[in-house]
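Inspection log for the structure reproduced underneath, given as structure tokens.
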Amino acid sequence: MAITLGELLLYSTSYFGLFTATLFFLMFFEKKQKLQNPLPNDIGKVTIAVPAYNEEKTIKKTLLSLLRLDYPKNKLEIIVVDDGSTDKTYLIAKQMEKDVRAARTGIAFKVITKENTGKGDSLNAALAHATGSFFGALDADSMVEPDALQKIIGYFNDARVMAVTPSLKIYQPKGMLQRIQSIEYLLGIYLRKVFAYFDAIHVTPGPFTIYRKQFFDKYGGYDAGNITEDIEIALRIQSNQYRIENAIDAVVWTIGPATMAALNTQRRRWYLGFLNNVITYRRLFSKKHHDLGLFILPGAFISVGLAVLLLLYLAIKMIQDAGDFIRNLVAINFDILPWLKLKIDLFFFNMNPLFFLAIIGLATGIVIIHLAKKYSREAGTIKTAYLMYLVVYWAIFAYWWLIAGYCKACGKQVRWGKQIR
Amino acid sequence: MASSNLSKYIAAFSITTLIFIVGILIGNAISSAKMEAIDALQQDITVRTIGSEMQYLLLAEHPCQDIHSSELSQELFEIGSKLAHMEQTLGSQDENVINLKRYYSLLEIRHWLLLKKAQQECNATYSLILYFYSNRGDCDACKQQGYVLNTIHRKYPDVNIYSFDVNIPDTVLATIKQIYNITAPPTIVVNGKKMEGLVNKDEVEQELFGVEEGEKENDD
């Protein structure tokens, strides 16, 4: 059988994809009983920092969700860090501070304001004031479910656990772009749990990942200059041989970028930040780091590489096919009438192995999304957004990586971009 | 690697490989079933062509009404399309594909000869197109030429189109190529007239059904 370069690429991609999916399934189902969150031996005090830069539209919702946390009130401390906002963010936070004090709930509530120096620096400012044994941040565009914190805290029974990640979901997705993101986040929920089983979580999402404060005391605060300080922290924890856990049903809602331009900016930052940090922490690619070093991190690079190659290959092929199609039409002088008589013969239906693999891939995707929904307690159906996700997402994903790789290669600078909603 | 997980990697590897092998086996089984179907079709056509030839010999006095079955040439064309599809699936170097194509070329030539004979002896007129192509990547225009002739076939089912892969090693095919002095694909021969290079649909139609004003002079 003659195999072209393109077919080789398609087969390697499906082989790698199927292998990874199978491995993750085996892991997920073997450890399924561990999905139950451990009960805490000890209820520790938790400090939640809310860094905010011009978030007057959403900060109130964020703070209210924190005040509603089902957690002993005297064990809760909230520190709002106004990062030199030019809108009413500071005033809104101050008003909340007054209200909380007046209500005498026992929750410690503090507002700090400073010059605009960026998110990492804001978090470090909060760290300096934090009195809890645990520390987490909640971006001012995100909200927590009331039971999120109590589901997380039990994982700290294990002294080696330095961070516990929640499950992130897109808040009230509107439009196709946000719906596709919400499917992507569901896949992320599943993957994060599987990575936790492999002891290989390498991203601790900014919103509501809770850290053991000792870690910051011992290894320093956030890397303020880093464009993805959440990835840096995760890799720093891993490289010091500590553990990162995940509470799959601790739900945090975040707002997804609504426009393609805003999403592009966000992803360029994420992926370039990932590249930068992984290069910094390249010593993680070693036997000492078990699954993370030997398969999960290298695998991430392999899948990104395959997706990018596939995108380039299909783009070239599509251009060629379109060229052929136009030349064909010119050659018959656009007399397409004879072709409108449809003849269907099953003989011409191409039943090559790739077709079967595509079916398996599609089914796997449905099962994964279903698992993620079930265990993160999400209602509702998936439908069109899921189909859109399957069809177009990988190509957009590959495109983002292509851009990030390009930025990395030619040294283009990327900063925290402002989100547009 | 933690030993407890190593077994999972091995299991995942085995499952994946198994699925791939099953997929490839199913794909191959379907391919060979299709090839057998083509073979059966060719056998059927052979029998019917021989039948036509015998009919022609038996009814030596007035043989002409039964000679041309348009159905037969339609089916011949259909087999050609199926072979092209299999060639795409299995590759042009596949031995079975080459063998079937060689057989197919002979069938086409036989049918073509039959119609030519009927044309001479029965005063019948058939539209006959011979098409010489190559798909070894050395003939860019062949894609379009094939599409043009497919369009002609759909538009005028009575036109008999015989396509020949110039790379098929066969002495009869070599002779035909010699007769028409075929040097480079794509070349088509429309009712005896050789035309080299890409011939578009309008030009083929002109050649088949008479010529619009002012086009007749460079006819040879």
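Convention: sequence-line order gives letters A, B, ...; per-chain numbering from 1. It should be emphasised that the depicted structure is a prediction, and the values quoted were computed from it without experimental measurement.
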Any idea which of [options] has the most non-hydrogen atom pairs under 4.5 angstrom with chain A?
| options | answer |
| --- | --- |
| B:Met86, B:Lys201, B:Lys155 | B:Lys201 |
| B:Val204, B:Thr151, B:Asn200 | B:Thr151 |
| B:Ser81, B:Ala33, B:Ala11 | B:Ser81 |

Heavy-atom distances under 4.5 Å only: say whether [X] touches chain A with side chain, backbone, both or neither.
| X | result |
| --- | --- |
| B:Asp140 | side chain |
| B:Ile19 | side chain |
| B:Ile38 | side chain |

A:Trp339 versus B:Asn150: any side-chain heavy-atom pair under 4.5 Å?
yes

Please report the C-alpha distance between A:Tyr15 and B:Thr17 in whole Å, then the side-chain angles of each, then the deciding distance to 0.1 Å, and finally whether the side chain to side chain contact (heavy atoms under 4.5 Å, CB included) criterion is met.
CA-CA 8 Å; A:Tyr15 193 91; B:Thr17 309; 2.6 Å; yes

Rounded to the nearest 0.5 Å, what separation is found between the [atom1] atom of [X] and the [atom2] atom of [Y]?
| X | Y | atom1 | atom2 | value |
| --- | --- | --- | --- | --- |
| A:Phe198 | B:Lys8 | CZ | NZ | 7.0 Å |
| A:Asn333 | B:Glu205 | CG | CD | 9.0 Å |
| A:Tyr11 | B:Ile24 | OH | CD1 | 6.0 Å |

Classify the ring geometry between B:Tyr9 and A:Phe295 as parallel (under 30°), tilted (30 to 60°) or perpendicular (over 60°).
perpendicular

Taking only distance into account, with no hydrogens and no angle test, what donor-acceptor pairs under 3.5 Å do side-chain atoms of residues 164-172 of chain B form with protein atoms, sequence neighbours excluded?
| residue | atom | partner | partner atom | Å |
| --- | --- | --- | --- | --- |
| B:Asp165 | OD1 | B:Asn167 | N | 2.9 |
| B:Asp165 | OD1 | B:Asn167 | ND2 | 3.4 |
| B:Asp165 | OD2 | B:Lys101 | NZ | 2.7 |
| B:Asn167 | ND2 | B:Ser134 | OG | 3.1 |
| B:Asp170 | OD1 | B:Arg102 | NE | 2.7 |
| B:Asp170 | OD1 | B:Arg102 | NH2 | 3.4 |
| B:Asp170 | OD2 | B:Val172 | N | 2.9 |
| B:Asp170 | OD2 | B:Leu173 | N | 3.2 |

For the residue pair A:Ala331 and B:Val148, what are the closest heavy atoms and their distance?
CB-CG2, 3.5 Å

Check against side chain to side chain contact (heavy atoms under 4.5 Å, CB included), B:Asn5 and A:Met27:
CA-CA 8 Å; B:Asn5 286 341; A:Met27 200 63 172; 3.4 Å; yes

All pairs passing side chain to side chain donor-acceptor pair (under 3.5 Å) where residues 312-332 of chain A contributes a residue, at least two apart:
A:Asp324-A:Arg327, A:Asp324-B:Lys143

